[in-house]
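In this chain, numbering begins with 1 at the start of the sequence shown. It should be emphasised that the depicted structure is a prediction, and the values quoted were computed from it without experimental measurement.
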Amino acid sequence: MPDSTLPEQIATRLRRDILRGVLAPGTAVKERDHAAEMGVSRTPLREAIRMLAKEGLVQLRPARSPIVSRPSFEQVAFNIEVMSALEVLSARLTCARATDAQIDEIAAVAERMERDYDTLDMLDVFEIDMSFHRAIAEAAGNPVLAEMHQSLLARLWRARYLSASRKRSRDRVLRQHAEIVAGLRARDPERVAEHVQLHLDHLLVNVADFFESEDAGGGLDSGPEPGTDTPQDTAAAGGGAEQ
């Protein structure tokens with residue numbers, strides 16, 4: 001990421017650790033320890049944590065270390081409901097407003113995912129998949145929509161990754177992407193909207209299945225209960241916010 005800032009690079013590393021389960025829900029994110037591990041000062045690390053908090057991946061707490069968020073299924077489902085409406089709208093607008101070059105770029109992302117699906121790490125495949133959806137939103141020609149879509153995409157990052165990693169529906173996902181691209185090339189809003197909706201309907205089913213398969217507790221993964229610091233965490237915080 002040569003063009004990204006140091007806080008963005010740190011946020012990317014922490015985000016990937018959260019997605020992979022290295023940092024499980026409920027885990028305290030201790031500035032001192034992570035700054036030392038990464039060889040950075042606490043100032044850019046603190047900024048990176050704020051970025052992740054805006055995405056909903058980290059929960060900030062007064063006078064205590066931030067923790068990795070554990071959203072409920074209801075919270076995730078509400079976000080998916082709005083995301084579905086935004087992605088259908090963005091697909092329709094892209095049919096009407098996108099240039100041929102923009103549609104070619106969207107198609108190139110889908111082709112890259114199909115080409116590399118079986119050789120890349122699952123997290124890399126997932127990030128390509130999300131870039132496909134982001135490219136459609138950006139090609140819709142509405143900056144407000146693109147900003148809202150990016151915000152929701154960030155909030156759903158962990159849920160979408162975990163559902164994708166549990167159900168590697170390779171053929172279905174690639175087929176749906178191909179249908180979406182074909183609909184965009186044909187400038188057919190009804191066709192593309194239908195396939196985007198089908199794509200996101202499967203997301204909700206996969207996320208629901210993931211929650212049902214987890215132990216009681218309503219989270220996306222196992223780990224300490226949110227808001228619970230170990231004695232070591234409390235001692236490290238020194239009774240105040242860990243800086």
Side-chain angles (χ1 to χ4, degrees), residues 12 15-16 18-21 55 57 71 73 76-77 79-95 98 102-140 145-146 149-214 220-221:
T12 295
R15 187 183 299 109
R16 289 173 74 93
I18 291 170
L19 293 181
R20 291 184 186 280
E55 296 175 8
L57 287 173
F73 173 70
V76 173
N79 279 293
I80 291 175
E81 188 172 58
V82 178
M83 171 68 81
S84 297
L86 278 180
E87 293 212 354
V88 168
L89 175 60
S90 67
R92 288 179 177 277
L93 291 176
T94 296
C95 281
Q102 286 176 310
I103 293 177
D104 286 343
E105 290 173 4
I106 294 167
V109 177
E111 290 164 6
R112 182 189 172 203
M113 184 172 172
E114 181 175 10
R115 182 185 67 241
D116 298 338
Y117 198 108
D118 297 323
T119 58
L120 289 177
D121 177 270
M122 188 59 202
L123 183 50
D124 294 324
V125 171
F126 170 75
E127 289 176 343
I128 295 172
D129 188 6
M130 294 303 96
S131 69
F132 175 79
H133 292 272
R134 189 163 51 239
I136 295 173
E138 290 172 353
L145 185 153
H149 178 267
Q150 178 59 30
S151 176
L152 279 170
L153 196 67
R155 289 187 215 172
L156 289 167
W157 208 253
R158 179 173 171 79
R160 292 183 82 153
Y161 172 68
L162 291 176
S163 69
S165 63
R166 287 285 293 264
K167 291 196 170 186
R168 293 188 59 134
S169 305
R170 176 188 183 281
D171 293 341
R172 176 183 57 77
V173 170
L174 295 179
R175 182 176 64 254
Q176 288 176 340
H177 280 195
E179 290 285 357
I180 291 168
V181 170
L184 292 173
R185 288 201 185 282
R187 307 282 181 169
D188 184 340
E190 298 305 322
R191 177 180 177 184
V192 76
E194 176 187 357
H195 288 289
V196 167
Q197 187 63 63
L198 284 171
H199 198 54
L200 289 162
D201 287 345
H202 278 98
L203 168 64
L204 184 58
V205 170
N206 286 355
V207 170
D209 287 347
F210 185 91
F211 271 87
E212 289 174 4
S213 71
E214 292 302 298
L220 286 177
D221 205 345

* **Euclidean distance, Leu156 CG relative to Ser151 OG, rounded to 0.5 Å** => 9.5 Å

* **Atom pair CG/CD of Asp171 and Glu114 - distance to nearest 0.5 Å** => 9.5 Å

* To do: Might you point out which heavy atoms bring Ala98 and Ile103 nearest each other, and give the distance in Å?
  => CB-CG1, 4.0 Å

* **Exercise: identify the closest heavy-atom pair between Ala159 and Val76** => CB-CG1, 3.7 Å

* Structure fact -> Sorted by chain and number, sequence neighbours left out, side chain to side chain donor-acceptor pair (under 3.5 Å) with Asp104 holds for Arg185

* Quick one: pull up CD1 in Ile128 and CZ in Arg115 and give me the separation to the nearest 0.5 Å. => 8.0 Å

* Are any side-chain N or O atoms of Ser90 and backbone N or O atoms of Ile136, one a donor and one an acceptor, separated by less than 3.5 Å? -> no

* Close side-chain approach of Glu138 and His149, heavy atoms under 4.5 Å -> no

* Asked: If you take all heavy atoms of Ala107 and Val181, which pair is closest and at what distance?
  -> CB-CG1, 3.7 Å

* Asked: What distance separates Trp157 CH2 from Arg15 CZ, expressed to the nearest 0.5 Å?
  -> 7.0 Å

* To do: Look only at the side chain of Arg158 and the backbone of Leu57, and say whether a donor-acceptor pair between them is shorter than 3.5 Å.
  => no

* Measure the spacing between CD1 of Ile80 and CZ of Arg155 and express it to the nearest 0.5 Å. => 13.0 Å

* **Nearest atoms (heavy-atom pairs only) where Ala146 meets Ala137** => CB-O, 4.1 Å

* To do: Indicate the atoms forming the closest heavy-atom contact of Arg191 with Gly183, along with that distance.
  => CD-CA, 3.9 Å

* **Evaluation steps, side chain to side chain contact (heavy atoms under 4.5 Å, CB included), between Leu203 and Met83** => CA-CA 11 Å; Leu203 168 64; Met83 171 68 81; 5.6 Å; no

* To do: Please tell me if the side chains of Asp116 and Val125 come closer than 4.5 Å, counting only heavy atoms from C-beta onward.
  => no

* Heavy-atom distance under 4.5 Å between the side chains of Val196 and Arg92, does that happen here? -> no

* Side-chain contact test, heavy atoms from C-beta onward, threshold under 4.5 Å: evaluate it for Tyr161 versus Ile18 and give yes or no. => no

* Which pairs count as side chain to side chain donor-acceptor pair (under 3.5 Å) when at least one residue sits in residues 124-134, sequence neighbours excluded? -> Arg16-Asp124, Arg16-Glu127, Glu87-His133, Asp129-His133, Asp129-His177, His133-His199

* Heavy-atom donor-acceptor pair, Arg187 side chain to Cys95 backbone, under 3.5 Å -> yes

